[in-house]
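Everything on this sheet refers to the single structure shown next.
Order of the sequence lines sets the chain letters (A, B, ...), proteins ahead of strands, with each chain counted from 1.
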There are 2 protein chains.
Amino acid sequence: MDSSTPASAQPPRAVVRPASGMVAASNGSAPVIVTTDIGTPRPLSTRSVSPKPPRASIRDVARESGVSLTTVSLVLNKNDSRISAATRQRVLDAMERLAYTPSRLARGLPNRRAKTLAVLVPALQHAFADVYFGEIISGIYEAAAERDFHIVLEVARREYVRRKEYMTLLDDCSVDGILFIGATEEHRWLSEFDGSTKPMVVVNNHFRQWKLHSVVCDYPSAGRMAADTLIEMGHKRIGHISGPSDMVLTSQELTDSFLERLGDHGVRLDQRHIVDGQFLVETGRLACDELLKRDPRLSAVFCANDKMALGAYQSVRAAGLVPGKDVSIMGCDDIPTAALSDPPLTTIRMNFFEVGAAACRRMLEMIEDPARAADFTMQRIPVAMAIRGSCAAPVVRPAKK
Amino acid sequence: MDSSTPASAQPPRAVVRPASGMVAASNGSAPVIVTTDIGTPRPLSTRSVSPKPPRASIRDVARESGVSLTTVSLVLNKNDSRISAATRQRVLDAMERLAYTPSRLARGLPNRRAKTLAVLVPALQHAFADVYFGEIISGIYEAAAERDFHIVLEVARREYVRRKEYMTLLDDCSVDGILFIGATEEHRWLSEFDGSTKPMVVVNNHFRQWKLHSVVCDYPSAGRMAADTLIEMGHKRIGHISGPSDMVLTSQELTDSFLERLGDHGVRLDQRHIVDGQFLVETGRLACDELLKRDPRLSAVFCANDKMALGAYQSVRAAGLVPGKDVSIMGCDDIPTAALSDPPLTTIRMNFFEVGAAACRRMLEMIEDPARAADFTMQRIPVAMAIRGSCAAPVVRPAKK
DNA sequence: TCCCGTCAGTAAAACATTTTACCGCAAACC
DNA sequence: GGTTTGCGGTAAAATGTTTTACTGACGGGA
């Protein structure tokens, strides 16, 4: 969960050839852009070039339908009870005729509500391109759209946090609440929301030290399911590639419950069998290298997310072994790639879409009834095992060399 | 690019086991949610529960610093020229003391500018979880943030389009411009923007029949590079899995330039060697099945995107062949998974991040100088070959059976 | 001395809504 | 017959800015 990727964590470098006569994308940095303007310059249109064309306002509707501003406003807000059906219809007709659309900006002003939520993500490389974030955002979007709320995107870069722009966002009236994805212990500024009834929901992580609203996957169950599954298959020599458990509580929950359940079954892992893989493909690969070095006869590895599991595939292959046969590999998350890898990855399915949607619904509740914001809750979303080809009964293999 | 996925296109079904004593995620539909409220109810805080706490307004700053509203506004907007240094400082100090933040809502009202752009995506399954969209959105975000613009997300569902909400969005004043990702020929409503100077930019596609602003990858170059690379390696029996070229012009460009260049090299593909793979993993797999059926001695397949190439891997393996050895596979896009597949996928690297950023910069230009919106341009972003293990010189293999 | 221009700043209108408090009228109640 | 009540509606204040057009003071040139 760190924005800087260690040099060792680069994907295997491909040979990159520039198109002939064209500047190539230089490694990592932004490529030089060759602009080809093929647009046909058109004559300027005759209509005014003023910022916006004149639009019908509520005032126009009032005049057109012969009622007062208030009446139009009431009809608009379905606060109709004391408006007669006839009048209402007149107003609606006028709106129709004038193609009237209320201004979101102006509507928000008087009661300071923007009908907009901010989705805040940490400043990772191209954060929005990550399935994990993407899936959550899709869920948030869906739940927000149902109530006619908009979603704005925000990235919490260092500057952003230093200047407390997340607060500005709220004071701004440009946003009614903040949903924070990818929160870690590193984000100390969350303490500002500790016990406060400000509209903030932490998505898929939570904190012991602060009272904050949160919605998370059921990681304790996930850990137990992983342990049960591997034990049932007959594994005894098990390795674990954890997430950064000191930074992410949900990651800690997963690891703890996994180890505890293994212990219940009489299998005790010591520190030699556990390596932190930082949730990334490349560090996952390195972690697995390390595990296999420490115990070359490992029969199964449980990875705290699918990306690291994909790294583990590479590591196992590099050791001359076959993933899913010589070494069973289990992931967590069920990202789309999981089912496509070879062999298909056994993993724990997490419904991130639902996590996002639930978090958003919680947020909307708080906004509608601020009193409820005072009791802080954590909601758990259930998970399920997805068993595929990458896990099987252990095969005994001779110690190498 | 269709929102409904054919039943045949489901990923290989995994065995899904519910956690004991817990409701499982039912296939496809939203899982039943088990809510675990572990929040400690806290006493309501004593502070008022009114919608928002009172904030300092520009008026307060004016009073505090003993100047007029106008002066404060001028300082705020760095329209300082006619304000003396001393006064400016007094105002800035007052702002500091009162922790003043201007209201975005109120600022937008007078000149009808929200300093916000909308990113519109078609109603695909969890669109935001797609790397392709995500990468573009990241680019847009970055370019927008530089100029202090916000990004709001919008999904163009059928209802949305029918009610012309994209127009509402603009009239609304809630948004200053629209960036449309994932546009296809299906989106007929784009004709409303044909030749209009309304702030709309189409991202990574363009149209022959309409004058619209657009920024796209250099697909013609990409097609030629693909052809050159395969020919150089010695391939003659080449198959092509295209995108939906009737719906997406960039896809057509890629296919056309690929075929043309192959022709230049004396290799002519007829319709038997080309199958539409709809840009999806599963349909890509099926398309490759079909190609191999039609010509079992195919030595290379060029896929119009990486997802279909991953499907092709499955298909080739299912035929008992080894991808990258028996059949060379080339993709297009260079999504993160490409480098992780086995063998790593040879593909054409497209800088979607930059496409998004460039599109956004174009948008901002138009907003700042509406006159420029009148000449419609298309901008091309260069691409590069990324050669990895999935392509090699052809090996002759006996006709099967 | 008068006129003009510049400097430094201000008053007030405009933007498009919501919301609060009120009003006139008729029917119902005692 | 006077008071209440409810209905259908309205006037006006409030929300927080930007922008246009103005003002007063002061210095310089004729």
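- Here C:dA16 presents its P atom at 8 Å from CG of A:D60, a figure rounded to the nearest Å.
- For A:F128 and B:Y141, the ring centers are positioned less than 6.0 Å apart.
- Looking at B:T70 and B:S73, their side chains never bring a donor and an acceptor atom within 3.5 Å of each other.
- When all heavy atoms are compared, the tightest approach of B:A118 to B:E154 is CB-CG, 4.4 Å.
- Comment: B:E159 engages B:R163 in a salt bridge, judged by a side-chain N to carboxylate O separation of less than 4.0 angstrom.
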List the protein contact pattern of nucleotides 12-22 of chain D with one symbol per nucleotide (5' to 3'): B for base contact, S for sugar-phosphate-only contact, - for none; contact means a heavy-atom distance under 4.0 Å.
-> B--BBBBBBB-
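- One finds a salt bridge joining B:E354 and B:R361 here, because a Lys/Arg side-chain nitrogen approaches an Asp/Glu carboxylate oxygen to under 4.0 Å.
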For DNA chain D, just give me the dot-bracket, please: Watson-Crick or G-U, both distances below 3.5 Å, ( ) intra-strand, [ ] crossing earlier pairs, | paired with another strand, . unpaired.
-> ||||||||||||||||||||||||||||||
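- In summary, the aromatic rings of A:F180 and A:W189 are positioned with their centroids under 6.0 Å apart.
- Proximity of residues 85-97 of chain B to DNA chain D (heavy atom under 4.0 angstrom from any strand atom) is not detected for any residue.
- At a cut-off of 3.5 Å, with distance as the only test, no side-chain donor of A:R104 or A:T116 sits close to an acceptor on the other residue.
- Within 4.0 Å of A:T71, counting heavy atoms only, lies at least one base atom of the nucleic acid.
- When only modelled atom types and interatomic distance are considered, A:T71 and A:S68 share a side-chain donor-acceptor pair under 3.5 Å.
- A donor-acceptor contact closer than 3.5 angstrom links the side chains of B:Y166 and B:E192.
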